[in-house]
Amino acid sequence: MKSTLKLTTALVFGACLSSAAAAQTELTMWYHGAGNEVESNIINQIVSDFNASQSDWVVSLESFPQGAYNDSVVAAALAGNLPDILDVDGPVMPNWAWAGYMQPLPIDESVIENFLPGPKGYWDGELYSIGLWDAAVALVTRQSTLDALGLRTPTLEEPWNLQEFMAALDAAKASGEFDYPLDLGMAWTGEWYPYAFSPFLQSFGGDIVDRSTYQTAEGALNGDAAMAFGEWWQGLFANGYAPGTSQDPADRDGGFIDGKYAFSWNGNWAALGALNAHDDTLFLPAPDFGNGSTIGAASWQFGVSASSEHPEGAAAFIQFALQDQYLADFSNGIGLIPATASSAQMTENYADGGPMAVFFELTEAQALVRPVTPGYVVQAKVFEKALADIANGADVADTLDAAVDEINADIAANNGYGH
Amino acid sequence: MAAIDPSNQGLRLATRYAVLTLIAVIFIFPLVFMVMSSFKPDLQLLRDTGSFRAFLPVGDLSLNNYAAAFDRAPVATFVFNSVLVTGLTVLLSLFFCSLAAFSFVFLNWRGRNIALSIIIATLIVPFETIAIPLLLLVSKLPWIGWEGLEWGWLNSYRVQIIPWIADGLTIFLFVQYFKDLPRELIEASRVEGASWWQIYIKVVMPLSGPVLATAAILKFLVMYNQYLWPLIVVQEESYRPVMVGLQYFFQLNIAWGEVMAYLTLITVPVLAFYLVLQKAFIASIASTGVKG
């Protein structure tokens with residue numbers, strides 16, 4: 001009798017549990033981190049913590065390799081097969097929002113008040129996505145190099161100007177100590193070009209597109225400032241200051257560490273390698289070419305797909321993921337810049353006095369998001385090709401004019417992209 | 001006719017073998033580089049690329065890259081998926097395409113020449129141009145599975161197999177081969193009272209070893225190297241094939257040793273398949289060559 005009672009109690013208890021589980025609504029989520037074990041572990045932990053923290057929603061995660069992610073999302077959108085929660089690269093977000101793949105993110109925006117500007121994804125006046133981290137680029141060198149070349153150390157308040165920057169490259173070249181004075185990372189292709197190099201153009205006074213209207217690139221990408229940028233850019237390769245598009249990827253990865261380059265234009269994700277190799281490694285602000293010192297901003301962010309029937313659940317997960325602890329976990333795990341100052345203090349590298357704290361300051365002070373327009377995905381590719389062509393010796397004016405024509409034709413073909 | 005000077009013949013032979021060896025070396029070097037690099041740590045791998053050491057098993061060799069590759073991605077799942085999808089597609093393709101070719105060559109039906117022309121014309125249509133319409137189609141197709149009727153084929157093996165079973169090139173290969181089979185054999189079989197099905201099974205297919213091998217190898221390579229189609233129709237990791245899996249290894253800092261280990265692993269089925277069928281494949285190519 002006693003055992004029958006126990007069995008009945010267990011059955012009833014089990015039934016209650018299963019009905020509670022059944023009451024949870026499933027939310028699907030796609031993430032771009034497949035193949036990166038550390039990143040996968042962190043996102044899995046967040047999903048697991050969220051699922052355990054409440055009884056309304058259960059998130060199921062599907063990870064994609066980054067190189068295949070965007071195409072998979074676009075195909076799924078066409079087939080009507082999007083998940084509830086997406087992650088999206090910051091500059092791509094306006095395109096996905098405009099194309100109807102995403103809906104505004106219904107979270108309490110007071111939660112993100114203290115976030116760096118880069119991780120906030122706004123389109124058409126509404127928040128669509130939010131990131132847990134940002135990324136920054138700096139001019140990497142060594143104190144011993146600056147000392148040997150007799151160069152002053154530029155600061156955020158007083159970065160090198162164009163003349164000082166070129167003098168530094170000349171000094172490095174004249175020393176004969178390096179294969180090239182500067183490594184720009186030309187071996188990397190794709191988004192690296194607009195992310196890393198459009199800030200130079202902006203510092204000259206140009207841009208990829210006219211941000212006042214987003215209806216044309218005329219003047220922005222082929223005006224006097226852009227021409228000056230283009231001539232300067234071509235000179236870097238023509239005069240032997242930097243390796244061009246044929247740079248060996250191995251040199252990009254290890255050239256600075258091996259002493260082949262005096263300066264390297266590289267991101268915070270490569271900073272630890274440089275610090276481990278040389279304890280006098282410095283991360284300098286971008287030069288000011290006349291219109292301020294600027295670096296790129298915005299990395300991967302979370303948002304809600306347009307087809308989600310449970311945006312409140314998706315938003316609940318995203319808001320849950322914005323805890324400082326998770327921002328710090330991602331930063332400690334993959335070296336990215338945590339999105340808030342408070343979470344930065346919880347990290348090994350970005351806390352005050354940490355080896356990469358300077359990147360937080362750089363992002364806070366210099367970051368400029370790439371053009372916030374659905375057309376950016378096309379403009380980025382046009383910009384990349386134009387810069388590669390100019391680096392390879394193409395006529396600057398003709399190349400920039402052709403790029404402007406291509407961008408303008410795309411904007412016209414898409415009826416202005418909703419601006 | 002002048003007598004052949006034995007010393008000249010020897011020289012010619014030596015030259016021929018030297019050229020053939022050189023060509024063989026050129027073709028095999030990338031494979032040797034891949035296999036050797038898969039045993040080397042990244043730093044050594046990158047340094048060796050500038051010298052002949054890249055092709056030699058020298059330095060710090062280990063299986064670490066293989067272990068790391070299995071840690072980074074479900075390699076066995078990807079290989080299983082690709083072998084399953086490729087194997088089934090090849091078998092089904094050989095069957096259905098040879099049947100279609102049989103009907104074009106041996107059966108008399110109205111419009112067969114036009115139908116064959118249309119099928120051959122599809123050879124000039126790049127897959128990329130029909131990928132999106134095909135995606136929209138398969139995402140709406142019905143299927144009767146274990147759980148009854150369901151809609152949409154996405155995230156399945158069938159979506160990776162069925163659209164690829166029939167193709168113009170395979171049908172064309174069979175048509176060309178069947179046209180050169182002796183008609184007397186077919187006519188004699190008909191006189192003996194054999195049905196068309198019996199002729200297909202017992203007369204035509206046993207004579208079609210070379211074209212079966214050629215079609216199988218070509219289809220195998222196409223299917224095993226599939227990237228775009230599985231990328232857009234499969235979102236679940238459990239159905240991903242090897243080429244999409246390769247993307248797991250292209251992170252910001254690429255671990256080239258792991259890439260080489262993964263490539264070595266996924267090349268094994270291709271080499272095995274080719275080695276099994278190579279005699280028939282060469283026979284087919286050789287016989288094609290003498291037809292002129």
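Order of the sequence lines fixes the chain letters, A, B, ..., with proteins taken first and strands second; residue numbering starts at 1 for each chain.
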Inset, instruction - Side chain from CB out, backbone as N, CA, C, O: work out which of these in B:L45 comes under 4.5 Å of a heavy atom of chain A, or both, or neither. - result: neither
Legend entry - CD1 (B:I144) with more than 12 external heavy atoms under 6.0 Å: no
Inset, instruction - Considering non-hydrogen atoms only, spot the tightest contact between A:A79 and B:L135 and give its length. - result: CB-CD1, 4.1 Å
Inset, instruction - Report, as yes or no, whether the 6.0 Å neighbourhood of atom CD1 on B:I124 holds more than 12 heavy atoms from other residues, nucleotides or ligands. - result: no
Atom pairs (donor, acceptor) spanning chain A and chain B, under 3.5 Å:
{"from": "A:A34", "atom 1": "O", "to": "B:Q251", "atom 2": "NE2", "distance (Å)": "3.2"}
{"from": "A:G35", "atom 1": "O", "to": "B:R72", "atom 2": "NH1", "distance (Å)": "2.6"}
{"from": "A:E62", "atom 1": "OE2", "to": "B:E237", "atom 2": "N", "distance (Å)": "2.9"}
{"from": "A:S63", "atom 1": "O", "to": "B:R240", "atom 2": "NH1", "distance (Å)": "2.9"}
{"from": "A:S63", "atom 1": "O", "to": "B:R240", "atom 2": "NH2", "distance (Å)": "3.0"}
{"from": "A:S72", "atom 1": "OG", "to": "B:L231", "atom 2": "O", "distance (Å)": "3.4"}
{"from": "A:N81", "atom 1": "ND2", "to": "B:Q235", "atom 2": "OE1", "distance (Å)": "2.6"}

Inset, instruction - Could you pull out the closest heavy-atom pair between B:L231 and A:A68, with the gap in Å? - result: CD1-CB, 3.0 Å
Inset, instruction - Just jot down the ring pair (Phe, Tyr, Trp, His ring centres under 6.0 Å) partners of A:F283, sequence neighbours excluded, or say none. - result: A:F359
Inset, instruction - Go through the structure and list residues passing side chain to side chain contact (heavy atoms under 4.5 Å, CB included) with B:A131, not counting sequence neighbours. - result: B:F127, B:L228, B:I232
Legend entry - Over 12 non-hydrogen atoms of neighbours within 6.0 angstrom of CD1 in B:I28: no
Inset, instruction - Only pairs at least two apart or in different chains count here, so list each salt bridge (charged side-chain N to carboxylate O under 4.0 Å, His left out) that has a residue in residues 25-36 of chain B. - result: none
